[in-house]
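Right, one structure below, let's go through it.
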Amino acid sequence: MSRAFIFPGQGAQTIGMGQALADAYPAAKAVFDEVDEALGEKLSALIWEGEQDVLTLTQNAQPALMATSLAAMRALEAEGVTVDAAAMVAGHSLGEYSALAAAGALSIADCARLLRIRGEAMQKAVPVGEGAMAAILGLDLEAVREVAGAAAQGEVCQAANDNDPGQVVVSGAKAAVERAVEIAREKGAKRAMLLPVSAPFHCALMQPAADVMQEALSGVEMAAPKVPLVANVLAAPVSDPAEIRKLLVSQVTGAVRWRESVLYMAGEGVSELWEIGAGKALSGMARRIDRALATRAIGTPEDVAAAVAAMNG
């Protein structure tokens, strides 16, 4: 059975995530310690004992979700399951950084610092209240692109996340996204609703953040990942560090081609996806993309034990 390891993005964060892993595995605890040290603050205290609305701030959620994913990865490694057990890795938006750290391309400390910079830059790129994102359910990518085009009226409005066959997220100027919601409903969307996000991610309005990330990534050491990364903006595998840097910059303003990424992996013979870190959102998307795919979410010591048993069984 060929498997891929996939890593969640923003929205999966919850208070207490990863704490049981840190309690059960010294290697998992060491990840949180390393992230705390890299950021010069106790992010772990916020993750385990803080307020959900503070954890959800972009500059906190991004490194926190990466830390939780890498803690789960270290717990798997402690039980003898390394990243080489996967044919490829992929991550949803910020999860791409988690995937690269899991595959040995980036250090955890560099990853934490990059995601803090990324979160702050994405937040600052557009003044609060001027951008928005909305989920459109029940229309396919082409239909949502038409909706976004009709809604733009000279403003930015783009299909930002192609999550699964029935869920595409649009991003852009607030008024344009609000128009997109209305147009999508008129075109027969099952649901169209504004998302509780603090900035319009993955659209042209994020260009200032892309510029910041280009500079930040240029100063960081990157190795070739031990297994190929299926990149968000390509929906295809990449292993060359120079190309990965460029794609991580493009990813800030470009669409997350998640549906196509999962279809690519399935087409290459991947039959099982392990969602490593917080939540089960990607597992749900995967089943809607290809019902033949088996999924497994790994975010607790019990999940780790079950995964190891299944592998060895």
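Because the structure is predicted, anything quoted here is derived from the model rather than measured.
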Worksheet entry | Residue of the set Glu96, His92, Arg257 for which side-chain hydrogen bond (donor to acceptor under 3.5 Å, both in side chains) holds with Asn232 | Glu96
Discussion item. For Glu215, is the CD atom crowded, meaning more than 12 foreign heavy atoms sit under 6.0 Å from it?
Written reply: no
Practice prompt. Scan Leu43, Leu21, Thr68 and name whichever one has a side chain to side chain contact (heavy atoms under 4.5 Å, CB included) with Phe32.
Written response: Thr68
Worksheet item: Once you round to the nearest 0.5 Å, how far does CG of Asp290 lie from CG of Asp164?
Response: 12.0 Å
Worksheet entry | Test item: side-chain donor near acceptor, Glu221 and Ser107, under 3.5 Å | no
Fill in: Heavy-atom side-chain contact between Leu229 and Leu247 under 4.5 Å
no
Worksheet item: Does a side-chain heavy-atom distance below 4.5 Å link Leu46 with Lys42?
Response: no
Practice prompt. Evaluate the criterion side-chain hydrogen bond (donor to acceptor under 3.5 Å, both in side chains) for residue pair Gln10 and Ser93; output intermediate values, then yes/no.
Written response: CA-CA 8 Å; Gln10 224 160 312; Ser93 191; over 6 Å; no
Discussion item. As a quick check of understanding, evaluate side-chain contact (heavy atoms from CB on, under 4.5 Å) for Val168 and Leu139, giving each step before the final call.
Written reply: CA-CA 8 Å; Val168 182; Leu139 296 180; over 6 Å; no
Worksheet entry | Which atom of Gly104 lies closest to which atom of Ala223, heavy atoms considered | O-CB, 3.9 Å
Discussion item. Within the 4.5 Å heavy-atom criterion, are Leu106 and Met222 side-chain neighbours or not?
Written reply: yes
Fill in: Any side-chain heavy-atom pair of Phe5 and Met73 under 4.5 Å
yes
Worksheet entry | Heavy-atom side-chain proximity of Phe201 to Met122 below 4.5 angstrom | yes
Worksheet item: Applying the 4.5 Å side-chain criterion to the ILVMFWY set and letting contacts propagate, would Leu65 and Leu273 be lumped into a single cluster?
Response: no
Discussion item. Test your reading of the model: is there a side-chain donor-acceptor pair from Gln52 to the backbone of Gln13, 3.5 Å cut-off?
Written reply: yes
Worksheet item: Taking a hydrophobic cluster as the set of Ile, Leu, Val, Met, Phe, Trp and Tyr residues connected by side-chain heavy atoms closer than 4.5 Å, whether directly or through intermediates, do Val156 and Val256 fall within one such cluster?
Response: no
Worksheet, complete the sentence: d(Leu76 CG, Ile276 CD1) to nearest 0.5 Å is 5.5 Å
Practice prompt. Please answer whether the main-chain N or O of Thr300 pairs with a side-chain N or O of Asp303 as donor and acceptor at a distance below 3.5 Å.
Written response: yes
Worksheet item: Are the side chains of Arg113 and Asp110 in touch, meaning some heavy atoms are under 4.5 Å apart?
Response: yes
Worksheet entry | Any donor-acceptor N or O pair under 3.5 Å, side chains Gln123, Gln59 | no
Worksheet item: Is a donor on one side and an acceptor on the other found under 3.5 Å between the side chain of Glu275 and the backbone of Leu282?
Response: yes
Worksheet item: Val220 and Leu70: same hydrophobic cluster, using ILVMFWY side-chain contacts below 4.5 Å?
Response: yes
Item to complete: Using the salt bridge (charged side-chain N to carboxylate O under 4.0 Å, His left out) rule, take Glu243 and Lys246 through it: C-alpha gap first, then chi angles, then the decisive distance, then the call.
Response: CA-CA 5 Å; Glu243 191 179 354; Lys246 285 181 193 162; over 6 Å; no
Worksheet entry | Step-by-step side-chain contact (heavy atoms from CB on, under 4.5 Å) determination, Glu268 to Met265 | CA-CA 5 Å; Glu268 289 297 303; Met265 291 188 274; 5.8 Å; no
Worksheet item: How long is the span from the OG atom in Ser44 to the CG atom in Asp36, to the nearest 0.5 Å?
Response: 3.5 Å
Discussion item. Let me confirm one number: the OG-CE distance from Ser218 to Met213, rounded to the nearest 0.5 Å.
Written reply: 10.0 Å
Worksheet item: If you round to the nearest 0.5 Å, how far is CD1 of Ile108 from CD of Glu34?
Response: 4.5 Å
Worksheet item: Can we say Glu182 and Arg179 salt-bridge, meaning some charged N sits less than 4.0 Å from an Asp/Glu carboxylate O?
Response: no
Worksheet item: Under 3.5 Å, side chain of Glu260 to main-chain N/O of Trp258, donor-acceptor pair present?
Response: no
Worksheet item: Are Leu195 and Leu137 grouped together when hydrophobic residues (ILVMFWY) are joined by side-chain heavy atoms under 4.5 angstrom apart?
Response: no
Discussion item. Tell me whether Gln207 at atom CD has more than 12 heavy atoms from other residues, nucleotides or ligands lying less than 6.0 Å away.
Written reply: yes
Discussion item. Is there a path of hydrophobic side-chain contacts, each under 4.5 Å between heavy atoms of I/L/V/M/F/W/Y residues, joining Val212 to Leu205?
Written reply: yes
Worksheet entry | Donor-acceptor pair, side chain of Thr253 and main chain of Ala204, under 3.5 angstrom | no
Fill in: Glu51 atom CD: more than 12 heavy-atom contacts under 6.0 Å
no
Worksheet entry | Verdict with supporting geometry, Arg118 and Gln251, side-chain contact (heavy atoms from CB on, under 4.5 Å) | CA-CA 11 Å; Arg118 183 178 183 267; Gln251 188 228 58; 2.6 Å; yes
Practice prompt. Evaluate the side-chain proximity of Pro200 to Val177: yes if any heavy-atom separation is below 4.5 Å, no if none is.
Written response: no
Discussion item. Nearest 0.5 Å, please: how far is CD in Gln158 from OG in Ser171?
Written reply: 7.5 Å
Worksheet entry | Nearest non-hydrogen partners of Met206 and Ala125, listed with the distance | CE-CB, 3.9 Å
Item to complete: Decide yes or no for Tyr264 and Leu234: does some side-chain heavy atom of the first lie under 4.5 Å from some side-chain heavy atom of the second?
Response: no
Item to complete: Without swapping roles, check the side chain of Arg259 against the backbone of Asn163 for a donor-acceptor pair under 3.5 Å.
Response: no
Worksheet entry | Option passing side chain to side chain contact (heavy atoms under 4.5 Å, CB included) with Asn161 (candidates Met285, His202, Gln167) | His202
Worksheet entry | Test: Arg116 and Glu41 ion pair at under 4.0 Å | yes
Item to complete: Take Asp53 and Thr56 through the test side-chain hydrogen bond (donor to acceptor under 3.5 Å, both in side chains) and record every step on the way to the result.
Response: CA-CA 5 Å; Asp53 57 345; Thr56 296; over 6 Å; no
Worksheet entry | Closest contact, heavy atoms only, Ala189 versus Ile136 | CB-CG2, 4.0 Å
Worksheet item: How close do Val35 and Ala112 get, heavy atom to heavy atom, and via which atoms?
Response: CG1-CB, 4.0 Å
Worksheet item: Yes or no on side-chain contact (heavy atoms from CB on, under 4.5 Å) for Trp48 and Asp23, after CA distance, side-chain angles and deciding distance?
Response: CA-CA 12 Å; Trp48 297 335; Asp23 290 344; over 6 Å; no
Worksheet, complete the sentence: In short, Cys111 meets Ala101 closest at the heavy-atom pair SG-CB, 4.0 Å
Worksheet entry | Nearest heavy-atom neighbours spanning Ala64 and Leu55 | CB-CD1, 3.7 Å
